[in-house]
Number of protein chains: 2
Amino acid sequence: MARKQGSHSEITGPKVRQAALQLFARFGYAAVSMRQIAGEVGVQAGALYNYTADKQSLLFDLMREHMEALLAARKEAVIAGDALAQLEAFTRFHIAYHLERPELVFISYMELRNLEPENFAAIERLRKAYEDELETILQRGAHAGVFVLGDTKIATLALIAMLTGVSGWYRKDGRLPASEVADQYWDLVRKSVGVVG
Amino acid sequence: MARKQGSHSEITGPKVRQAALQLFARFGYAAVSMRQIAGEVGVQAGALYNYTADKQSLLFDLMREHMEALLAARKEAVIAGDALAQLEAFTRFHIAYHLERPELVFISYMELRNLEPENFAAIERLRKAYEDELETILQRGAHAGVFVLGDTKIATLALIAMLTGVSGWYRKDGRLPASEVADQYWDLVRKSVGVVG
DNA sequence: GATTGCGCTGAACGGCTGTTCAATTAAGCT
DNA sequence: AGCTTAATTGAACAGCCGTTCAGCGCAATC
């Protein structure tokens, strides 16, 4: 036996990435075997190596593509305006983007330690670039007197952690719609930088 | 060969837990083998089973003891006073406690998915109890008109995520001392619940 | 100084790991 | 219809996994 009816590279490839994403998110990279991924796709383990160099690349490519897509989407979402408007845009963008891709968000900060050193460095660089987007807004707002902030770096890390945390508990069929969640987080963010409603 | 000079249960037991904690925190539960833990302790893998029923119990016991110690310490740190004072006490307690135990904090929310269902449920119950401490303060403050809050549940989750995030980047030899970090976080928390400085 | 038993070794168990590759099949092209 | 080639199988590789256990050596007790 070999090639099955109607099977193609353009079909199996995405299925492999999707299966890896789902399984890594649910059980963790180290706990998932190539045979498990293959089983989910419907092929034997050996066939996976037509689509990835090795298991590590499967994880790294998912994370890298996620971070690059995040940065590209953020670029599109940048708006003109004062620091407060930009902060609101960043907050709403971050929450919306993260709520739509819970598995990618999850593995991208949960599986960092399973990356080989050079891969880890590459992801960290992308992550830093994203954090800098927020830090720049906070710095500009503080400098302009729009925000009241102590240490800008701590505020950046604290707000990123708060906003990213949303994907840890939000459920699509939960109590509140995504838009209401975004409103609530924006309310907290706005006040935390010293802007009264 | 067998028992070595000067080795005792009271010495090896804690060493096993400590080695497991360090290795789980660094590489993740699934990526660490019993032989690795044994190597760190200085014994053969079989000897570990004098101190734990199995690998899962090693993880679960670390997490359960951490959560129970956290709840016990929190109990000691509760103060009388209005909601604002209580929120400040909670914030400072949380940061101080988490900065002192980075590995335990890390594995306790990173390795949740590696717990067997009943163990997961037990840890989640303890985590919920801790979250409720904060939610109660927020509810009381909002009811008393001290805090200006939208959805209390979201605020609870958002603030917990923000505060716990501190252990993700804080380094003892970093730019700022722990007390200064706590001050900065308290400033953000206070403002986010609508209390102006 | 003999005896007891704790703490540990080292080997073994069955099973799973990531990865490679010759063989095989089917799809697409001429 | 024949040919080429992409896609997959299934077996094999060496090695590691968690866990068990008979046996051994040392410390403490009598």
Side-chain angles (χ1 to χ4, degrees), chain A residues 1-21 23-24 26-63 107 111 113-119, chain B residues 1-21 23-24 26-63 107 111 113-119:
Chain A
M1 270 178 279
R3 188 194 236 183
K4 288 196 184 157
Q5 231 179 9
S7 65
H8 299 291
S9 177
E10 310 91 62
I11 293 177
T12 309
K15 274 173 86 175
V16 168
R17 285 187 283 277
Q18 185 61 22
L21 172 61
L23 289 170
F24 289 166
R26 180 135 52 198
F27 303 110
Y29 173 76
V32 171
S33 74
M34 294 299 270
R35 283 172 180 81
Q36 257 179 283
I37 298 169
E40 192 78 8
V41 174
V43 297
Q44 294 298 314
L48 299 181
Y49 291 84
N50 290 323
Y51 306 100
T52 184
D54 48 29
K55 192 188 176 188
Q56 169 77 196
S57 301
L58 212 40
L59 175 63
F60 176 59
D61 289 345
L62 284 170
M63 292 173 73
I107 69 162
E111 304 294 355
R113 63 180 158 182
N114 286 309
L115 291 175
E116 287 159 11
E118 63 271 28
N119 291 342
Chain B
M1 270 180 277
R3 185 197 241 182
K4 290 197 184 157
Q5 231 181 8
S7 65
H8 300 292
S9 176
E10 309 91 61
I11 292 177
T12 308
K15 276 173 83 175
V16 169
R17 285 187 284 277
Q18 185 60 25
L21 172 61
L23 289 170
F24 288 166
R26 181 135 50 196
F27 303 110
Y29 172 77
V32 172
S33 73
M34 294 299 270
R35 283 172 180 82
Q36 257 180 282
I37 298 170
E40 192 79 9
V41 174
V43 296
Q44 294 298 314
L48 299 180
Y49 291 84
N50 290 323
Y51 306 99
T52 184
D54 48 29
K55 191 188 176 189
Q56 170 78 194
S57 301
L58 213 40
L59 175 63
F60 176 59
D61 289 345
L62 284 171
M63 293 175 72
I107 69 162
E111 302 295 354
R113 63 181 157 181
N114 286 308
L115 290 175
E116 286 158 13
E118 64 272 27
N119 290 343

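Labels below follow one simple rule: chain letters A, B, ... track the order of the sequence lines, proteins then strands, and each chain is numbered from 1.
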Between CG of D54(B) and C1' of dC17(D) the distance, given in whole Å, is 14 Å
Taken to the nearest whole Å, CG/N50(B) to P/dC24(D) is 18 Å
Pick base, sugar-phosphate or nothing for V41(A), based on heavy-atom distances below 4.0 Å to the nucleic acid.
nothing
Rounded to whole Å, the NZ-P distance (K55(A) to dT20(C)) equals 15 Å
For L23(A), does its backbone N or O pair with a side-chain atom of E40(A) as donor and acceptor, under 3.5 Å?
no
Below 4.0 angstrom from OP1 or OP2 of dG7(C), is there any side-chain N or O of T12(B)?
no
To the nearest angstrom, the OH-C1' distance between Y49(B) and dC8(C) comes to 15 Å
Donor-acceptor pair, side chain of Q18(A) and main chain of G13(A), under 3.5 angstrom
no
Of the listed dT8(D), dG18(D), dT19(C), the closest approach to the A47(A) side chain comes from dT8(D)
Protein-nucleotides 12-16 of chain C N/O pairs closer than 3.5 Å?
residue	atom	partner	partner atom	Å
dA12(C)	N6	R35(B)	NH2	3.3

In whole angstroms, the gap separating C1' of dA7(D) from CG of L48(A) amounts to 12 Å
- Query: Does the side chain of Y51(B) get closer than 4.0 angstrom to OP1 or OP2 of dC8(C) through an N or O atom?
  - Reply: yes
Under 3.5 Å donor-acceptor, K15(A) side chain and G42(A) backbone: no
Atom CD of Q56(B) and atom P of dC17(D) are separated, to the nearest Å, by 18 Å
Of all heavy-atom pairs linking N114(A) and F27(B), the shortest is OD1-O, 3.8 Å
Of Q36(A) and Q44(B), the one whose nearest nucleotide on DNA chain C sits closer to the 5' end is Q44(B)
From CE of M34(B) across to P of dC8(C) the rounded distance in Å is 14 Å
Problem - Donor-acceptor contact present, side-chain E111(A) to main-chain Y29(A), <3.5 Å - result: yes
Result for 5'-nearest mapping on DNA chain C, choosing between A45(A) and V43(B), is V43(B)
Note to self: Please check: side-chain N/O of Q36(A) versus main-chain N/O of S33(A), any donor-acceptor pairing under 3.5 Å?
What the structure shows: yes
Nearest heavy-atom contact between I107(A) and L59(A) is CD1-CD1, 4.3 Å
